[in-house]
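Encoded as structure tokens, the structure appears first; notes follow it.
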Amino acid sequence: LSALAVLEQRDGKLNQGSLSAVTAAAKLGGPIHAFIAGSNVKAVAEEAAKVEGVEKIIAVENGAYDKGLPENYAPLLVENIKKGGYTHILASATAFGKNLMPRVAALLDSQQISDITAVESENTFVRPIYAGNAIATVESTDPIKIITVRGTAFAPAAVGSGSATVEDGVDPKVESTTEWVSEDLAKSDRPDLSTAEKVVSGGRGLKSKEEFDKIMLPLADSLGAAVGASRAAVDSGYADNSLQVGQTGKVVAPQLYLAVGISGAIQHLAGMKDSKVIAAINKDPEAPIFQVADVGLVGDLFEKVPELTEKLKSA
Amino acid sequence: MKIGEVLREAGECQLVVHLSIESTHPHPTLFPRYHKTMSALRILVPVKRVIDYAVKPRVNKAQTGVETAGVKHSMNPFDELSVEESVRIREGKKTPVEDICVISAGPTKAQDILRTAMAMGADRAIHVETKEGEDLEPLGVAKLLKAAAEQNKSNLVILGKQSIDDDAGQTGQMLAGLLGWAQATQASKVEFTGGDSVQVTREVDGGVETLKAKLPMVITTDLRLNEPRYASLPNIMKAKKKPLEKKTLADYGITAEKRLKTIKVTEPPPRQGGGKVEDVDGLVSKLKELGAL
């Protein structure tokens, strides 16, 4: 058994979220190597070398891998997996991991195990299905196991006193058939939604983008929270799609999840029901969100939320 | 020659020049492909029959899966987006669409969703009938679709980013890998930009990114791509007459081998709602009590 954790970098910085893969790999019990590729990869590799529990960093210096395009990244990974003889390949279920790993699995003729929430043994894993309405325990028979890891179930491994060696990986230099053109990322000074300790999330009840911003943003700031949204709010244009919490959006598990004007469809609950404390404000006393909320307040959000924001600020 | 025709010719000239730049390959030849016109699209749209999104699935007593008997099923919501996008590409008339073929592997009832897809505008359907216990894993589906794409001379496959039953989110990427095609997952916008070039905006953590690729390619759909239409009654009637070809896994050289063995399926631990508070002060003190503030 030997595991390879696939790490991500952006502009020469290690993506902390990708370190969930190391945490999951540690549950397997064997040696852990980590993989990183891109331009000026040396600094990132040195940072990754300090991650607890990692023995070796395999680094490939090549700007062609900066955008994580699966058309060249998948063959790159396959060559390094073969060279290192790894039995378990793990990556966080981020946009990068979800896009890349199934392609790697197909090239290795392996049936990927997606979005695991627990490691039972070296070949048995737990993962949610049906939007988390059922939990499946599955056993893999493939010699090389390709795994994506749910970040809320495995906290990112700490960058600390590790002292992994750094080694150059092989680079097959496959041309990508896709070309990266541009990106448009939401800029925010608030905490990152996926990893925030507190999340305030708004739904259809907010009624417009103006109201969403006017009501939710001050509430978020009074708590130091990240802002999330239901699919209904995103579809209606009240909030950016990158804020969507749910089965097909972000999965979050903060210390506090405060749902405002969200009824609580099963697809939404799938994305937040592992939060430590759930609170809800909704005018409909029958809203399903109250069935999972530790504390619920029935009332008009346009009145209750500003009052709450004021009280939190003055507290 | 009238001035309009001259202008049109000039426009076409521009297009040709543009194409020759676009088709510059890592290994340029001495003969740029001036003659190359855009390929007519042959779109393959895989669809899956799943438990309806509004139904809360229940784990069966034997803990081997969820109850499916007597439960409402419909087309996987992401697959509706794929069918809709294919039809819109045809309606947009920017690039000619020769064929929109929907395909589904599943029990006899999978034909219902194939008919729905044809009522939405697909031209024809392939039903790969599977027997009880022959359900495919994503890798098996990808192998089946590879064979189907080759057989049908498809140059574009549009499929959902995930199915809402298994939530694996693998098939499109696997298919692209097996075919060696370009992939653009979680698409929120698809544009044909001339020749065989396709520009896709995709949803990533924190926002969107835009990629450019050439056909053939695989695109997986995300929620904001479009709003699927409802099939009208006349179109539902017409769909009954559209061709539906029946196949078996063996026709594609596929077996339903399992790489993942399901040990058990259980209910998630229940979460108990903790009751309600009267006012904002009650909310604040309860949250403090729970250690959340």
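Letters A, B, ... mirror the listed sequences (proteins, then strands); counts begin at 1.
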Non-neighbouring partners of A:Val104 that pass side-chain contact (heavy atoms from CB on, under 4.5 Å), sequence neighbours left out: A:Ala74, A:Leu77, A:Val78, A:Ile81, A:Leu100, A:Leu108, A:Ile146
Top of B:Gly180, B:Ala213, B:Pro138 for chain A proximity - count of heavy-atom pairs under 4.5 angstrom: B:Pro138
Leading residue by heavy atom contact count with chain B [cutoff under 4.5 Å; candidates A:Glu71, A:Met101, A:Gln111]: A:Gln111
Minimal non-hydrogen separation, B:Ile254 against B:Leu144, with atom names: CD1-N, 3.5 Å
Engaged part of B:Tyr53 at the chain A interface, taking heavy atoms whose separation is under 4.5 Å: both
Winner by heavy-atom pair count (cut-off under 4.5 Å) against chain A, out of B:Val200, B:Asp222, B:Val284, B:Leu283: B:Leu283
Which portion of B:Ala142 sits near chain A, non-hydrogen atoms under 4.5 angstrom: neither
Closest non-hydrogen atom pair between B:Ile219 and B:Val190, with its separation: CD1-CG1, 4.0 Å
B:Val59 portion near chain A, given a 4.5 angstrom heavy-atom threshold: side chain
Partner chain A: residue of B:Gln63, B:Gln199, B:Arg202 with the largest heavy-atom pair count (under 4.5 Å): B:Arg202
Interface residue of largest heavy-atom contact number with chain B, from A:Asn123, A:Val305, A:Thr178, A:Ile289, under 4.5 Å: A:Thr178
A:Thr137 vs B:Thr266 side-chain heavy atoms within contact, under 4.5 Å: no
Side-chain donor/acceptor of B:Lys161 to backbone N/O of A:Thr248, under 3.5 Å: yes
Chain B contact via A:Glu197 - which portion, at a heavy-atom distance below 4.5 Å: neither
Residue, of A:Gln255, A:Lys304, A:Gln247, that accumulates the most heavy atom pairs under 4.5 Å with chain B: A:Gln247
Portion of A:Leu312 that has a non-hydrogen atom of chain B nearer than 4.5 angstrom: side chain
Residue selection (most heavy-atom pairs with chain B, distance under 4.5 Å) from A:Pro128, A:Gly132, A:Ser275: A:Ser275
Pairs where residues 268-284 of chain B contributes a residue and the test side chain to side chain donor-acceptor pair (under 3.5 Å) is met, not counting sequence neighbours: A:Asp294-B:Arg271, A:Lys311-B:Asp281
Among A:Leu243, A:Asn241, A:Val234, A:Ile278, residue most engaged with chain B (heavy-atom pairs, under 4.5 Å): A:Asn241
Any donor-acceptor pair under 3.5 Å from A:Ser110 side chain to A:Gln112 backbone: no
Engaged part of B:Lys143 at the chain A interface, taking heavy atoms whose separation is under 4.5 Å: side chain
Chain A interface, residue from B:Lys258, B:Gln173, B:Lys286, B:Glu209 that has the most non-hydrogen pairs under 4.5 Å: B:Gln173
Under 4.5 Å from any heavy atom of chain A - which part of B:Val66: side chain
Nearest-0.5 Å distance, CE of residue B:Met174 to CD of residue B:Gln183: 11.5 Å
Contacting region of A:Leu308 [heavy-atom separation from chain B under 4.5 Å]: both
pair B:Ile164-B:Pro77: side-chain heavy atoms closer than 4.5 Å: yes
Engaged part of B:Ile51 at the chain A interface, taking heavy atoms whose separation is under 4.5 Å: side chain
Top contributor to chain A interface from B:Ala182, B:Gly172, B:Ala54 [non-hydrogen pairs under 4.5 Å]: B:Ala182
Structural part of A:Leu269 lying under 4.5 Å from a heavy atom of chain B: neither
Whether A:Tyr73 and A:Phe96 hold their rings parallel, tilted or perpendicular, with breakpoints at 30° and 60°: perpendicular
Side chain, backbone, both or neither of A:Gln267 within contact of chain B (heavy atoms, under 4.5 Å): side chain
Close side-chain approach of A:Val200 to A:Val260, heavy-atom, < 4.5 Å: no
Shortest non-hydrogen contact between A:Ala270 and A:Arg150, atoms and distance: O-NH1, 4.3 Å
